[in-house]
Amino acid sequence: PGQTGYHAYDKAVCRATVDWLARRGRTPKAPPFLLVVGFASPHCPYVAPPEDFARAAGRISPADLPAGDEALHPLLRQWRRATGLEPPPPVDAQWRARVAYCGLCGLLDRLVGRVLAALAEAGLAERTVVVYTSDHGEMLGEHGLWWKSTFYDGAARVPLLVAAPGRIAPGRRIAQPVSLIDVGPTLLDLAAAGPLPGASGRSLRGLLEGSDAAGEQPVFAENIA
């Protein structure tokens with residue numbers, strides 16, 4: 001539990017976003033906009049605001065920690081050695097890191113909530129497409145690994161939530177895997193802006209609106225060491 005510069009950064013990003021949306025709400029004849037809001041949390045160092053740490057600590061016990069995995073690819077075994085994860089960190093350290101990470105997710109939830117509330121207060125929520133995603137996940141001790149840099153789901157699988165009132169049915173879940181490179185073409189398609197020449201990825205508009213069947217498509221991921 002504690003504070004880091006990342007917390008201050010995220011709160012500053014939130015304030016700037018809320019202020020921008022308030023100003024935008026006062027200019028109803030302004031042209032369409034694309035607003036990108038980038039938060040650092042949850043991210044190492046695993047230090048969460050004390051109230052968030054305490055909340056997560058009450059829900060996670062050392063018994064919830066994942067078991068180690070010795071059936072690893074040699075590259076991942078070398079990764080564990082190179083990053084100081086062999087021998088594994090003490091159980092208490094692993095527990096505190098996992099609790100703090102979940103606590104940071106709580107901080108992020110509140111900041112995203114403030115942005116969405118500001119969007120609504122500005123009168124823009126009903127005509128704005130909102131996309132929530134991330135660049136990577138966190139292994140959090142699964143397979144004895146921490147951080148990212150693997151193709152396990154913990155690191156490579158990321159959230160993708162899309163809201164578009166009147167266009168996308170709320171609460172729909174789509175099981176088909178897609179790629180982050182699909183986000184750009186999707187936003188352009190939803191905005192009727194035309195495709196971007198030379199862009200990779202494909203529009204997910206049909207999947208989101210329910211007009212396309214969920215057929216198999218390749219997904220793309222890369223690991224830059």
- Task: Show your reasoning for whether side-chain contact (heavy atoms from CB on, under 4.5 Å) applies to Leu124 and Phe33.
- Result: CA-CA 11 Å; Leu124 300 169; Phe33 67 89; 4.2 Å; yes

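- Leu76 has its side chain within reach of Tyr152: a pair of non-hydrogen atoms, C-beta onward, lies under 4.5 Å apart.
- Contact check on Glu209 versus Arg167 returns a salt bridge, with a Lys/Arg side-chain nitrogen under 4.0 Å from an Asp/Glu carboxylate oxygen.
- Cluster annotation: Val162 and Val183 are assigned to the same hydrophobic cluster (Ile/Leu/Val/Met/Phe/Trp/Tyr, side-chain heavy-atom contacts under 4.5 Å, transitive).
- Rounding to the nearest 0.5 Å places OG1 of Thr150 at 11.0 Å from NE2 of His136.
- Taking each heavy atom of Cys44 and Tyr6 in turn, the nearest pair found is O-CE1, 3.2 Å.
- When atom types are taken as modelled, the side chain of Asp10 and the backbone of Ser41 share a donor-acceptor pair closer than 3.5 angstrom.
- Under the 4.5 Å side-chain criterion, counting only non-hydrogen atoms from C-beta, Val131 is in contact with Leu160.
- Asp135 and Val158 get closest at one heavy-atom pair: C-CG1, 3.9 Å.
- No donor-acceptor pair closer than 3.5 Å links the side chain of Thr27 to the backbone N or O of Lys29.
- One hydrophobic cluster, built from ILVMFWY side chains closer than 4.5 Å, cannot hold both Tyr132 and Val129; they sit in different ones.
- Within a 6.0 Å radius of CZ in Arg157, no more than 12 heavy atoms belonging to other residues, nucleotides or ligands are found.
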Name the atoms and distances for all side-chain donor-acceptor pairs under 3.5 Å in residues 98-116, with sequence neighbours left out.
unit_1: Arg98; atom_1: NH1; unit_2: Leu140; atom_2: O; d: 2.6
unit_1: Arg110; atom_1: NH1; unit_2: Asp52; atom_2: OD1; d: 2.6
unit_1: Arg110; atom_1: NH1; unit_2: Asp52; atom_2: OD2; d: 3.4
unit_1: Arg110; atom_1: NH2; unit_2: Asp52; atom_2: OD2; d: 2.9

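- Other residues, nucleotides and ligands contribute only 12 or fewer heavy atoms inside 6.0 Å of the OH atom of Tyr9.
- A search for side chain to side chain contact (heavy atoms under 4.5 Å, CB included) contacts involving Pro195 returns nothing, not counting sequence neighbours.
- Classification of Asp19 and Arg15 as a salt-bridged pair fails, no side-chain N sitting under 4.0 Å from a carboxylate O.
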- Task: In sequence, state the C-alpha distance, the side-chain angles, and the governing distance for Leu161 and Thr133, and then conclude on side-chain contact (heavy atoms from CB on, under 4.5 Å).
- Result: CA-CA 7 Å; Leu161 286 76; Thr133 189; over 6 Å; no

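- Residues Val13 and Leu119 share a single hydrophobic cluster, defined by chaining ILVMFWY side chains whose heavy atoms lie under 4.5 Å apart.
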- Step by step, work out the side-chain contact (heavy atoms from CB on, under 4.5 Å) result for Asp92 and Trp95. CA-CA 5 Å; Asp92 180 63; Trp95 176 82; 4.1 Å; yes

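- Ring planes of Tyr46 and Trp146: tilted class, angle from 30 to 60°.
- Closest approach of Pro88 and Gln94 over heavy atoms only: CB-NE2, 4.1 Å.
- Although no hydrogens or angles enter the test, the distance criterion places a donor-acceptor pair under 3.5 Å between the side chain of Thr186 and the main chain of Leu204.
- Of the possible donor and acceptor atoms, one in the side chain of Asp64 sits under 3.5 Å from a partner among the backbone N and O of Ser61.
- Of the possible polar contacts, none joining the Trp79 side chain to the Ser149 backbone as a donor-acceptor pair under 3.5 Å is found.
- Under a hydrophobic-cluster definition in which Ile, Leu, Val, Met, Phe, Trp and Tyr are linked whenever side-chain heavy atoms come within less than 4.5 Å, directly or via other members, Leu190 and Ile174 are assigned to the same cluster.
- In terms of heavy-atom proximity, His143 sits nearest to Met139 at CD2-CE, 3.8 Å.
- Residue Gly210 comes nearest to Arg172 through the heavy atom pair N-NH1, 3.6 Å, listed as atom of the first residue, atom of the second, then distance.
- Nearest heavy atom pair, residue Pro50 against residue Gln3, reads CD-NE2, 3.6 Å.
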- Message: Before you tell me yes or no, could you show the steps for Leu207 and Arg202 under side-chain contact (heavy atoms from CB on, under 4.5 Å), namely the whole-Å CA-CA distance, both residues' side-chain angles and the distance that decides it to 0.1 Å?
- Response: CA-CA 11 Å; Leu207 274 178; Arg202 62 193 179 95; 4.2 Å; yes

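- Within the structure, salt bridge (charged side-chain N to carboxylate O under 4.0 Å, His left out) contacts touching residues 177-189 (residues at least two apart or in different chains) are Asp189-Arg205.
- In this structure, the side chain of His7 engages the main chain of Val47 through a donor-acceptor pair within 3.5 Å.
- Annotation for Arg81: atom CZ counts as buried by contact number, over 12 foreign heavy atoms lying within 6.0 Å.
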